[in-house]
There are 2 protein chains.
Amino acid sequence: MLNYKHLQYFLQVAKSGSVSRAAEKLHLTPQTLSGQIKSLEERLGIELFRRSGRRLELTRAGKLALHYADEIFRIGAELEEALSESPGTRMTPFRVGISDAVPKTIAHRLLMPALSLQEPVKLICRENRLERLVAELAIHRLDMVLANKPLPTNLDVKGYSHPLGECGVAFFASKALAHTLGPSFPANLDGMPLLLPGEDSALRVPLQRWLEKRGLSVRIAGEFDDSALMKSFGEAGLGIFPSSAVIADEVERHYRVVRIGQTDEIRERYFAITVERHVRHPAVLAMSETAHGGLFSQSPEVSDRTGAN
Amino acid sequence: MLNYKHLQYFLQVAKSGSVSRAAEKLHLTPQTLSGQIKSLEERLGIELFRRSGRRLELTRAGKLALHYADEIFRIGAELEEALSESPGTRMTPFRVGISDAVPKTIAHRLLMPALSLQEPVKLICRENRLERLVAELAIHRLDMVLANKPLPTNLDVKGYSHPLGECGVAFFASKALAHTLGPSFPANLDGMPLLLPGEDSALRVPLQRWLEKRGLSVRIAGEFDDSALMKSFGEAGLGIFPSSAVIADEVERHYRVVRIGQTDEIRERYFAITVERHVRHPAVLAMSETAHGGLFSQSPEVSDRTGAN
DNA sequence: GCCTGGTTTCGAAAATTACGAATTGATTGA
DNA sequence: TCAATCAATTCGTAATTTTCGAAACCAGGC
C-alpha cells in the first residue's frame, strides 16, 4: 500500500525544488525527508529525482508523480474544507478555477473586484491544469476558470472565453545567474538556460518565435505547467524565466530574483472562461468590468501574502 | 495534517459496511480500525459513523468524506499504475469509465466483447460518479462511459448516448430480513426498509412511481450512488434493494442475499456514452454489436418469477 | 437468561518516523 | 589548486504512531 505521508513529503520537496527548503516548510530535518523520499522511490520502484550536482531535478516519472500527488492532496484539502464548513453559513459561493499557468498575484488582482461587491460572496479557489478545470466547469462545479489562453478547441466542452486584459513579458534570474549575464538585453539571453511555461500557457510558442527572430539560442532547462513552480526553480538558479511584466515588482521581491529585461512584443493575455455566452454571475461581471477598466495599465501594487508554492 | 492512512481505513470500513469485515480485508484487527477511525473523527472534528445498534451507518459527513476518500485513493492507484507501466509495452488502450451505479457484473459482461478482438486491447477501467466520468470524457481521458442512464442534459458536454440493452428489476434481501416478509410479492414490500440507487441511476423515479401505483409505502433506509455499496449494506440487513434481474444469480451468490421477487415493469437500461456521434473505436463497436445481439434477452439464468422467502 | 456477532477500551509490543552526528560530493572562490 | 561552503545523504538511536491481545460492552436472537 502506497504511503501517503511519503507522497506528501515528495510533493513538498518537488514544489520547493530542494530537500532542505521543503524540510523548513514542513518543520522537519533534511535527513528525514531524504530518507522518506528514498523509501517512496523504493516502494514505487522508480527514481523520482535525479541527483544532478548538489541540486535535485525531477525525473520524467517524478513529474508524472507530481501531478498525481498534487491532485491527491488538493482533494484532501477539499475534504477538510467541506467537512469543516458549518452548514449554516451559506454565502453565495463563487467557485473559480485558476490555471496553474496563471501567476497567483495576477489571479489575486483579477479576483479582487469580485470580493468587493455589496453582496458578500464566498470565494472558492481551485488550482489545477487548465484541462482539468475546464472539465469541472462542464459539470458546473466551477463558475469560472481563469486562464492564460482561450478555451482549447480540442476539448469537447461548451464554453466561452472572455478576454480580461494583456501585458508585456519580463525576464528574471537569480542574482547569481544575473551576474554571469552580459549587459545588453535581450542579446545576453543567448546560450543561457531558460525555464519555459508548459502547454497550458499560450506564451510558449510566441516566446520561442521571438527568440528565434533575434537569432538567440537558449538551452531549455525546464518546462513547467505551474508558474509558481517555475519561479521557484528560477529562484534556485536553474535558469532565466519569463513572467507577466505587470507583476515584476512582486516577483522580484517574493522570489528574490532580479528583472533582467522586458519586452512588449510578446503579450501575455488573460481570459475568464465560462459556460454561458453572456455572463450572468455578478462576480464574473464585476471582474470583467474592472479588468477592462485598465487593471493592467495602472499597476496598483498589491501585497501578496500567500506562500510561495 | 490529515492522516491518509486513517482515511484509507475509513474508506474500507465505509465500503464494507462493517469494521470487522474491513479488518479482514485489510489484514488487521477490528480494534485497530476502530481506534484509527476514532482518531480520524477527532482530527476532522466530526462524526463519520453513527453507531446505530450493532451496526455502523454513515452520517451525512461520512457520506461526503466517502466520496472524497474514494477519489483520493483512486488517483493514488492511478499514480502507481502510471509509474509501473513500462514505457515499451503499449497496446491500444481502451479507457472506460463505469458509473458507480452500474453493477460490476453488468459492466463485466458488456465489456467482454471488447477484450476478444483480434487486436489485443488494454482495458483501463475507472469507476466514479457519472458526472465526473463525463467530465473526463470531455477532455479525452476516457474513450467511453458506461452508464445507467443517457448523458444528462444539464452537463455542458458534447456527447452521445448509445443504448446497449435493458432488462427488468429484481428485489433482494438478506436471509434474516426475508424471513420477516409476507408471502406475496410485491405486496410484502409494504412498510419494509428499502435501499435506493442515487441520482446517477435512472431507476429511482420509476421505482418510486411503481411502488406508489401499488399503494406500497416503504421506508427509505438509504440512498447509494454506488451500486456495490448498496448491495453491501443490503447484505448487512439494512434493507431490501433492487438490482438488474439478469444478474440475480450472481447477486444472490456474491452477497449472500435472496431474491424476493422481480418485475419487468421497471426497466433498467444501459448506455455507452461517447464523444463522437458515430462510434469509431473498434472496442466500443464490438461491445455495442454484441449487446444488441441479445446480451440481456438470452439470460443464462433460470427464470423463476415466484418470490422466494 | 444466555449465546452470538459485532464494536470498543486498555495497556504493552512492534513498527515507523524523526533527529543528532558525521560523511559525501559538488560548487565557490581565494 | 585547495580549502570553505552548501546541500544531500548515511547511520544509529530516540520519539511517535500503529497494532494487537485480553477483556468489556452492547444489541439481537433463541
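Chain letters run A, B, ... following the sequence lines, proteins first and then strands; every chain starts at 1.
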Euclidean distance, atom [atom1] of residue [X] to atom [atom2] of [N] [Å, nearest integer]:
X	N	atom1	atom2	answer
Phe49(B)	dC26(D)	CZ	P	20 Å
Glu235(B)	dG6(C)	CD	C1'	15 Å
Leu33(A)	dT17(C)	CG	P	12 Å
Leu56(A)	dG25(C)	CG	P	16 Å
Lys38(B)	dT18(D)	NZ	P	16 Å
Phe233(B)	dG6(C)	CZ	P	14 Å
Arg50(B)	dT7(C)	CZ	P	17 Å
Glu24(A)	dA8(D)	CD	P	11 Å

Quick test: give all pairs of protein nitrogen or oxygen and nucleotides 19-22 of chain D nitrogen or oxygen below 3.5 Å, distance rounded to 0.1 Å.
from    : atom 1 : to       : atom 2 : distance (Å)
dT19(D) : OP1    : Tyr9(B)  : OH     : 2.7
dT19(D) : OP2    : Tyr9(B)  : OH     : 3.1
dC20(D) : OP2    : Thr29(B) : N      : 3.0
dC20(D) : OP2    : Thr29(B) : OG1    : 3.1
dC20(D) : OP2    : Thr32(B) : OG1    : 3.2
dG21(D) : N7     : Gln31(B) : NE2    : 2.4

Inset, instruction - Considering only NZ, NE, NH1 and NH2 on the basic side and carboxylate oxygens on the acidic side, decide whether Arg129(B) and Asp225(B) come within less than 4.0 Å. - result: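 Salt bridge flag = yes for Asp225(B) with Arg129(B).
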Legend entry - Ion pair check, Glu78(B) and Arg126(B), cut-off under 4.0 Å: yes
Kindly say whether [Y] contributes a backbone atom to a donor-acceptor pair with the side chain of [X] at under 3.5 angstrom?
X	Y	value
Glu41(B)	Leu48(B)	yes
Ser201(B)	Gly198(B)	no
Thr59(A)	Glu47(A)	yes

Does the side chain of [X] get closer than 4.0 angstrom to OP1 or OP2 of [N] through an N or O atom?
X	N	result
Arg51(A)	dT9(D)	yes
Ser20(A)	dC6(D)	no
His6(A)	dT16(C)	no

Inset, instruction - Could you check if a side-chain atom of Tyr4(A) sits within less than 4.5 angstrom of a side-chain atom of Lys5(B), using non-hydrogen atoms only? - result: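 Tyr4(A) vs Lys5(B): side chains apart.
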Legend entry - Identified salt bridge (Lys or Arg N to Asp or Glu O under 4.0 Å) counterpart of Glu235(B) within the set Arg253(B), Lys175(B), Arg21(B): Arg21(B)
